[in-house]
Each structure stands twice: as C-alpha cells, then as structure tokens.
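Report on the structure given below.
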Amino acid sequence: RRRHFSISDGARPDNNGRGYVLRRILRRAVYFGSQFLGAKPGFFSKLVPAVVETYGDFFEEIVANQQVVMTVLAEEEAQFNKTIDKGLKVFKKKAAELKADGMSVVPGKDCFFLSGSLGFPLDLTEIMAEQIG
C-alpha cells in the first residue's frame with residue numbers, strides 16, 4: 001500500500017532520498033514474499049489492483065496511476081530478483097565457510113562486498129545472518 005501511494009505521488013525507487021527508502025521497503029517486501037511466503041517472481045505488481053479496489057474511491061490518483069505503479073513495481077522487482085539471486089549464492093557460500101571455520105559473525109568486508117558490489121541490501125544480510133545463527 002505504501003509503495004503504491006508513494007509511486008502515485010511521483011516517487012520512484014532510487015539510490016537517494018525518498019526513492020532510496022522506497023527501494024529498501026520494496027526490496028524487503030519482495031525478499032520476504034519470495035523467501036517466506038513462496039511467492040513467484042513478479043507477484044508484487046499483481047497486488048496493485050487490490051490496493052486500487054480498496055482505496056480507489058478515496059484516492060483518485062491511485063486509480064489514475066495504476067498502470068504506472070504496476071510497471072514501476074514490476075521493473076524494480078525484476079531488477080531486485082537478479083540482485084538477490086547473486087547475493088544469496090554468495091551469502092550462502094560465505095555462511096557455509098564461516099560455519100565450517102566455527103565463526104558466527106559475517107565479516108564487514110563480506111557485507112560490504114554484498115552491498116557495494118552486488119547491491120544486496122545490508123539489512124537483508126543482517127537478517128539472514130541472524131537466521132542461520
């Protein structure tokens with residue numbers, strides 16, 4: 001819902017300002033939807049019609065911008081799915097190496113590589129590290 005309203009108001013996922021916040025929220029939702037709910041790739045933009053149906057009578061701009069919102073969400077989700085696939089592979093490999101060495105903390109240099117080189121969000125690295133112990 002928040003993403004729909006933000007995009008209808010002109011925000012776009014970006015690396016700066018409100019666009020950065022929007023991107024982080026979107027990517028976290030996509031991660032949890034796919035990893036914990038078993039949602040298929042592309043699921044996120046398909047939620048837009050339900051938001052329009054629920055709130056469209058009160059907020060005309062979300063009806064007028066429905067297709068734009070769906071397109072922006074679909075593009076951002078597709079881009080993130082590529083990022084997350086690469087990041088998960090690297091993270092799982094590194095986590096297995098750390099566990100084999102008896103370590104339980106992901107070194108900062110590995111977190112930086114995931115974030116800086118692969119675009120894998122630091123907050124997701126933290127969450128996944130907590131999950132594996």
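Index from 1, following the sequence. If you're wondering where the values come from, they're calculated on a predicted model, not measured in any experiment.
In terms of heavy-atom proximity, Ile62 sits nearest to Gly56 at CD1-N, 3.8 Å. Minimum interatomic distance between Pro13 and Leu26 (heavy atoms only, all atoms of both residues): CG-CD2, 4.5 Å. In terms of heavy atoms, Leu122 sits closest to Cys111 at CD1-CB, 3.9 Å. Shown here for Pro107 and Leu98, the closest heavy-atom pair between the two residues is CD-CD1, 3.9 Å.
Looking only at side-chain heavy atoms (C-beta outward), Leu73 and Ile7 come within less than 4.5 Å of each other. You'll find the side chain of Val48 stays beyond 4.5 Å of the side chain of Val51, heavy atoms only. The closest side-chain heavy-atom distance from Leu22 to Arg18 is not below 4.5 Å. The shortest side-chain heavy-atom distance between Val30 and Pro41 does not fall under the 4.5 Å cut-off. Within the 4.5 Å cutoff, the side chain of Asn81 has no heavy atoms near those of the Tyr31 side chain. Residues Phe80 and Ile84 form a side-chain contact, since some pair of their non-hydrogen atoms from C-beta on lies under 4.5 Å apart. Using a 4.5 Å heavy-atom cutoff, the side chains of Gln35 and Leu88 are in contact.
Atom NZ of residue Lys46 and atom NZ of residue Lys40 lie 10.5 Å apart, to the nearest 0.5 angstrom. For the atom pair OG of Ser45 and CD of Gln66, the computed distance is 10.5 Å after rounding to the nearest 0.5 Å. Rounded to the nearest 0.5 angstrom, Lys82 NZ and Glu77 CD are separated by 12.5 Å. For the atom pair OG1 of Thr54 and CZ of Phe59, the computed distance is 11.5 Å after rounding to the nearest 0.5 Å.
In Lys86, the NZ atom is not crowded: 12 or fewer heavy atoms of neighbouring residues, nucleotides or ligands sit closer than 6.0 Å. Residue Phe58 qualifies as open at atom CZ: its count of foreign heavy atoms under 6.0 Å is 12 or below. Heavy atoms of other residues, nucleotides or ligands lying less than 6.0 angstrom from CD of Gln131 number more than 12. Counting non-hydrogen atoms of other residues, nucleotides and ligands closer than 6.0 Å to OH of Tyr20 gives a total of 12 or fewer. Shown here is Arg1, whose CZ atom has no more than 12 heavy atoms of other residues, nucleotides or ligands within 6.0 Å.
Checked by atom type and distance alone, the side chain of Arg12 never pairs as donor or acceptor with a backbone atom of Gly19 at under 3.5 Å. No donor-acceptor pair under 3.5 Å is formed between the side chain of Asp110 and the backbone N or O of Val106.
The aromatic ring centroids of Phe91 and Phe120 lie 6.0 Å or more from each other.
Between Arg23 and Asp14 no salt bridge is recorded (no basic side-chain N to carboxylate O distance below 4.0 Å).
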Just do the salt bridge (Lys or Arg N to Asp or Glu O under 4.0 Å) check on Glu76 and Arg3 with the steps written out, would you? CA-CA 12 Å; Glu76 184 67 18; Arg3 289 156 299 283; over 6 Å; no

Start with the C-alpha distance between Leu114 and Val90, add both sets of side-chain angles, then the distance that settles side-chain contact (heavy atoms from CB on, under 4.5 Å), and finish with yes or no. CA-CA 8 Å; Leu114 284 165; Val90 171; 3.8 Å; yes

After noting the C-alpha distance and the side-chain angles of Asn65 and His4, does the key distance pass the side-chain contact (heavy atoms from CB on, under 4.5 Å) rule? CA-CA 9 Å; Asn65 292 310; His4 189 113; 5.9 Å; no

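Connection of Met128 to Ile25 is not established within any shared hydrophobic cluster, with ILVMFWY side chains joined at heavy-atom distances below 4.5 Å, either directly or through further cluster members.
Ring orientation note: the planes of Phe32 and Phe36 are close to parallel, at an angle under 30° on the 30°/60° scale.
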